[in-house]
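One structure is given here, and the rest of the page talks about it.
Keep in mind it's a predicted model, so treat the numbers as computed, not measured.
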Number of protein chains: 2
Amino acid sequence: MSLESVPPKYAQLVQALQRRIESGTYQPGSLLPSEHQLIAEFGVSRPTVVAALRVLREQGWIESQQGKGRFVRGRPAMASVESNRRGQAFLTNPETDSPGKLVEAGSAALPNRVATLLNVQPKSRAFLRRRLVTRDGEPTELVSLWLPLELSEGTDLTSGEPLPQGIREHLQTRKGVRFDHIVEQITARMPTAGEAKQLGMPKNVPLLAVFGAVRDASGLPLVVVEVLLPADRHELEDAYPVR
Amino acid sequence: MSLESVPPKYAQLVQALQRRIESGTYQPGSLLPSEHQLIAEFGVSRPTVVAALRVLREQGWIESQQGKGRFVRGRPAMASVESNRRGQAFLTNPETDSPGKLVEAGSAALPNRVATLLNVQPKSRAFLRRRLVTRDGEPTELVSLWLPLELSEGTDLTSGEPLPQGIREHLQTRKGVRFDHIVEQITARMPTAGEAKQLGMPKNVPLLAVFGAVRDASGLPLVVVEVLLPADRHELEDAYPVR
DNA sequence: ACCCGACAGGTTGTTTTACCAAGTTTGAGC
DNA sequence: GCTCAAACTTGGTAAAACAACCTGTCGGGT
């Protein structure tokens with residue numbers, strides 16, 4: 001008896017066609033064999049062929065045109081561009097991964113913008129955990145984490161120690177909340193005197209400010225992350241499909 | 001005879017189920033009716049039901065678990081956040097949509113960063129089309145479009161008139177290139193004296209600079225867009241799923 | 001000679017019926 | 001109380017038919 005599970009036929013077909021596109025057997029811009037030809041070659045039924053081609057279309061390998069056929073687009077370059085989302089990393093990676101110093105951890109009054117993102121009354125209080133991240137011994141980023149007081153109770157976020165677990169995992173196991181997506185706002189402004197000093201940057205260099213509101217699937221805000229980056233040392237990169 | 005086309009059955013089912021989730025008939029976390037129940041209620045075949053449920057799963061409305069059933073997640077908040085991609089709009093919308101003034105249109109030497117994004121030799125020349133976009137009569141954004149000279153030949157991009165057609169469509173029909181995705185870089189810096197004057201902004205306010213490299217499906221760069229935004233008047237918003 | 005419509009044959013899109021496989025829960029029987 | 005089979009669930013495959021769409025060809029007309 002073999003314990004290794006074989007992937008479904010349509011998934012095997014997907015891989016086979018991907019290999020042919022990558023190897024150049026099917027040139028970008030050219031016409032893919034018709035459904036009937038693929039049925040004959042691989043010895044599967046039409047629904048199986050269609051299921052495989054649907055996956056390829058949704059992943060961007062091919063595009064189809066009713067009445068004409070399916071055209072090869074090539075290996076989707078999107079997948080190879082790693083998205084450098086600032087907010088993402090700080091939520092999933094443990095703090096022990098990046099060296100830094102805890103600046104603040106406790107209850108604090110919310111800035112206006114953060115209160116709006118958390119969907120609470122302005123000037124109300126929430127839990128704040130702020131860390132100065134260093135790279136090569138130099139301070140590079142100031143990361144602030146805000147969350148409602150009721151969400152911070154019973155967690156280890158108040159501790160001065162770096163969290164060995166990702167914040168995402170920490171909150172998910174302890175409070176049962178599920179992160180779903182992040183709404184990100186990016187602005188630029190001049191640093192305050194205190195920020196410039198903490199980050200060791202000239203006062204005439206602007207600051208990139210990234211606000212990330214983490215929400216659950218229904219859109220309810222759970223946590224807000226603010227990342228401050230000196231603009232002369234950082235830039236943000238991202239990729240997305242057209243239309 | 002009626003000219004209006006009816007959507008396919010599976011799409012109708014998708015809409016019907018979405019309405020029930022939105023109206024609260026199906027509560028988040030609860031179990032969706034089984035395939036058999038949906039077949040009986042809507043009078044369609046199983047593949048049709050499965051097709052609809054597959055769409056809902058891929059869009060994040062529900063999640064499925066073999067042997068147990070399908071669970072309601074709720075309305076995916078992602079979809080309701082319209083992505084405010086800067087580069088996107090300037091490529092698809094005709095210039096006549098946004099009032100503005102053409103500042104430059106012709107061959108120009110490439111800045112280092114743009115040459116890198118276009119994957120050409122530094123200091124080589126390319127076609128530049130620069131527009132100052134105004135809102136409510138005030139200048140708000142400086143948009144620059146760079147493309148290789150061979151791609152600009154035979155187009156109307158050299159004309160001083162606003163393009164009645166989107167740049168994307170314009171290039172696609174005239175040169176046969178197909179836009180696929182955009183790699184975006186965001187930085188902040190202080191404006192030059194000329195930029196501050198053109199944009200009518202104070203010299204001590206930073207500038208958000210968005211570079212968008214438009215590529216085809218194979219990753220070949222086609223066009224580079226640069227958008228300059230005074231940071232006191234603009235911010236960038238975006239949303240993406242976690243994991 | 002040229003243009004235009006009808007038509008045939010190809011393609012993908014949608015729907016149906018049928019059956020089997022795999023995971024989960026339930027309850028009957030020991 | 002435990003085991004295990006039955007009955008549910010979703011996942012996958014096969015075969016068939018019709019609809020919608022595109023592209024040629026073959027006419028007939030101007």
The correct set of residues in residues 27-37 of chain A placing a heavy atom under 4.0 Å from DNA chain C is A/S34, A/E35
Only distances under 3.5 Å count here; give the side-chain donor-acceptor pairs of residues 100-107 of chain B to other protein atoms, sequence neighbours excluded, each with its distance to 0.1 Å.
from: B/S107; atom 1: OG; to: B/R125; atom 2: NE; distance (Å): 3.0

DNA chain D nearest-nucleotide lookup for A/Q65 and A/G43: closer to the 5′ end is A/G43
Between A/Q15 (side chain) and A/Q12 (backbone), is there a donor-acceptor pair under 3.5 Å?
-> no
Which donor-acceptor pairs under 3.5 Å do the side chains of residues 48-60 of chain A make with protein atoms, sequence neighbours left out?
from: A/T48; atom 1: OG1; to: A/S45; atom 2: OG; distance (Å): 3.3
from: A/R57; atom 1: NH1; to: A/S64; atom 2: OG; distance (Å): 3.2
from: A/Q59; atom 1: OE1; to: A/Q18; atom 2: NE2; distance (Å): 3.3
from: A/Q59; atom 1: OE1; to: A/W61; atom 2: NE1; distance (Å): 3.4

Please find the earliest and latest nucleotides of DNA chain D, in the 5' to 3' direction, that have an atom within less than 4.0 Å of any heavy atom of chain B.
-> D/dT9 to D/dG12
Nearest-Å distance for atom pair CD/P, residues A/E63 and C/dT12 | 14 Å
What is the distance from CG of B/L38 to P of C/dT15, rounded to the nearest Å?
-> 15 Å
Report which part of the nucleic acid A/V50 touches: base, sugar-phosphate, or nothing (heavy-atom distance under 4.0 Å, all strands).
-> nothing
Write out a two-atom table: protein N or O, nucleotide N or O from nucleotides 18-22 of chain C, distance below 3.5 Å.
none

So, is B/R70 near the phosphate of C/dT24, with a side-chain N or O under 4.0 Å from OP1 or OP2?
-> no
Could you tell me whether A/R70 and A/E35 have a side-chain N and a carboxylate O separated by less than 4.0 Å?
-> yes
Rounded distance in Å - CD (B/Q12) to C1' (C/dT14) | 12 Å
CD1/B/I62 to CZ/B/F71 distance, rounded to the nearest 0.5 angstrom?
-> 11.0 Å
Is the backbone N or O of B/V133 less than 3.5 Å from a side-chain atom of B/T140, with the two atoms forming a donor-acceptor pair by type?
-> yes
Under 4.0 Å: is that the gap between some side-chain N or O of B/K68 and OP1 or OP2 of C/dG23?
-> no
Any sub-3.5 Å donor-acceptor pair from B/S23's side-chain atoms to B/R19's backbone N or O?
-> yes
Could you tell me which residues satisfy side chain to side chain contact (heavy atoms under 4.5 Å, CB included) with B/A40, sequence neighbours excluded, listed by chain and number?
-> none
Measure the CG-CZ distance between B/L149 and B/F127 for me, rounded to the nearest 0.5 Å.
-> 9.0 Å
For B/R54, report the nucleic acid contact type (base, sugar-phosphate, nothing); a contact means any heavy atom under 4.0 Å.
-> nothing
Counting distance only, does the side-chain N/O of B/E41 pair as donor-acceptor with the main-chain N or O of B/L38 below 3.5 Å?
-> no
Salt bridge or not for B/K68 and B/E63, using N-O below 4.0 Å?
-> no
